[in-house]
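One structure is given below, encoded as structure tokens.
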Amino acid sequence: MPTVRIPTPLRKFTQGKEEVSIAGANVRELLANLEVAYPGIKERICDDAGAVRRFVNVFVADEDIRFLENLDTAVRDGDEVSIVPAIAGGR
Amino acid sequence: MSTAPRAIDPGPLPAGEALAQHLPRPRRVDSVIELVGNTPLLRLRGLEADCPGVELWAKCEFANPGGSVKDRAALRIIQDALARGDLHDGVRLIDSTSGNTGIAYSMVGAALGVPITLVMPENVSAPRKQITRAYGTELIFSDPMEGSDGAIVKAREIVEAEPERWYYPNQYANDSNWQAHYHGTAPEIFAQTEGRITHFVTGIGTSGTVVGTSRRLHELSPSVRCIAIQPDDAMHGLEGLKHIPSSLVPPIYDAAVLDDTLWMPTDEGWDVAERLAKHEALFVGHSSGANVAGALRIGRALAAQGRRGCVVTVLCDRGDRYFVPLKWERHYVW
């Protein structure tokens, strides 16, 4: 399963865990399954329409999904998916 | 062959220039650090349509030579440390910073001959790294997943390992930080509004600006309302602002000098930043957008009650500090 790295402000949803293993063939499925496992976390990452919020960056294997296929970006077993708030600097 | 003499007409004085030439503008200085502070106060007339009867003013901190409000704190922190003897030969200043304070330390350090080392999350934008390095500053990176708190922790570890090598000012706990605003920003605003200020509102980063300015404004005029702005959630995109309930609380933070706190969604701050650029010709950062969004909320509330007011906020820095990487630069390091 892919590994998802959780940023500090969202670890209150993951019982403090920095990394969690979540199934999903693409980022959309992965975020949906993340919400099932940790209820409440998805609305901090995505807006009401389901798009990743403007100030949140999602990386699959160090590539920003905005430069890939966005939520349809494929995720493979062993990939590391990082959710990074933009607060520490430019995107 | 002869050419007719060309009439040389310099044209009329620009509007307002005749008056401006009689105002004190002592802009002939010996050092760049003398350009810190005494920033202009700008009226946001276009936005005042949202709140008839209420004046909205913004302190143009982007006009500081390092480009941000942080020049004030950095200058006083370094001057006070030199005066105390905390900074001397063989000692480097080290601090954690997500950007503007680092640029300010780097500028002041270069001006006063003080070597600077900065710890910052690795995901700060490339221009930030380039600007600080241009001044000769040494950079050490912390985990991008840990944000600014991670940089604080790493800076502390480095200092504890070799305490004799470093002066660690810790802007979050350094009284020089808020004192810069107590002695600078506040009396400047009071004089520039001729004492008419009714509300001061600005975001909390280290809390130095809001605490120092509010403390002095309350002394100058007890009726002034001083209001802080915080992001409405721990997961936010208002860079430079701190969500206190989920953060290490800055020791200089003093809620007793604040009359109220506004909780600001990222989208509201970003939208006002865009509005400022398009309609006020002010291309400023997102923290400035959040600050003006807060001023607008106060202005609208006053106008709804039929009250007048003079609301002052802070434009922390310019928007060009936050350019996103171009698509072909996507392999930047995170």
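On a predicted model such as this, the values are computed, not experimentally measured, just so you know. Within every chain, numbering begins at 1; the chains are lettered A, B, ... in the order of the sequence lines, protein sequences first and strands thereafter. What you see below is based on every heavy atom in this structure, not just the backbone, and it leaves out hydrogens, waters and symmetry mates.
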Q | Residues of residues 12-26 of chain A with any heavy atom under 4.5 Å of a heavy atom in chain B | A | A/K12, A/E18
(Q) Rounded at 0.5 Å granularity, tell me how far OG1 in B/T266 sits from CG in B/L238. (A) 4.0 Å
Q: Assess the side chains of B/T101 and B/Q171: does a donor N or O sit below 3.5 Å from an acceptor N or O?
A: yes
Q. Just checking, is any N or O donor in the side chain of B/S106 or B/T137 under 3.5 Å from an acceptor N or O on the other one?
A. yes
Q: State whether B/K129 and B/E138 are salt-bridged, where the test is any N-O pair (Lys NZ or Arg NE/NH1/NH2 against Asp/Glu carboxylate O) under 4.0 Å.
A: no
Q | Sequence-distant partners of B/L248, side-chain contact (heavy atoms from CB on, under 4.5 Å), two or more places apart | A | B/D149, B/I152
Q. Is it the side chain or the backbone of A/I83 that comes within 4.5 Å of chain B heavy atoms, both, or neither?
A. both
Q: Write out, in numerical order, the residues from residues 30-38 of chain A with a heavy atom short of 4.5 Å from a heavy atom in chain B.
A: none
Can you give the donor-acceptor pairs under 3.5 Å from side chains of residues 44-51 of chain A to other protein atoms, not counting sequence neighbours?
residue : atom : partner : partner atom : Å
A/R44   : NH1  : B/D233  : OD1          : 2.2
A/R44   : NH1  : B/D233  : OD2          : 2.9
A/D47   : OD1  : A/A49   : N            : 3.0
A/D47   : OD1  : A/G50   : N            : 3.1
A/D47   : OD1  : A/A51   : N            : 3.0

(Q) Under a 4.0 Å threshold between the charged nitrogen and the carboxylate oxygen, would B/R72 count as salt-bridged to B/E61? (A) yes
Q) Less than 4.0 Å between a side-chain N and a carboxylate O, is that true for B/D50 and B/R297? A) no
Q: Evaluate side-chain contact (heavy atoms from CB on, under 4.5 Å) for B/L315 paired with B/N291, printing each intermediate quantity in order.
A: CA-CA 7 Å; B/L315 301 176; B/N291 286 351; over 6 Å; no
Q: Assign the ring pair B/W270 / A/F55 to parallel, tilted or perpendicular, where the plane angle (0 to 90°) is split at 30° and 60°.
A: perpendicular
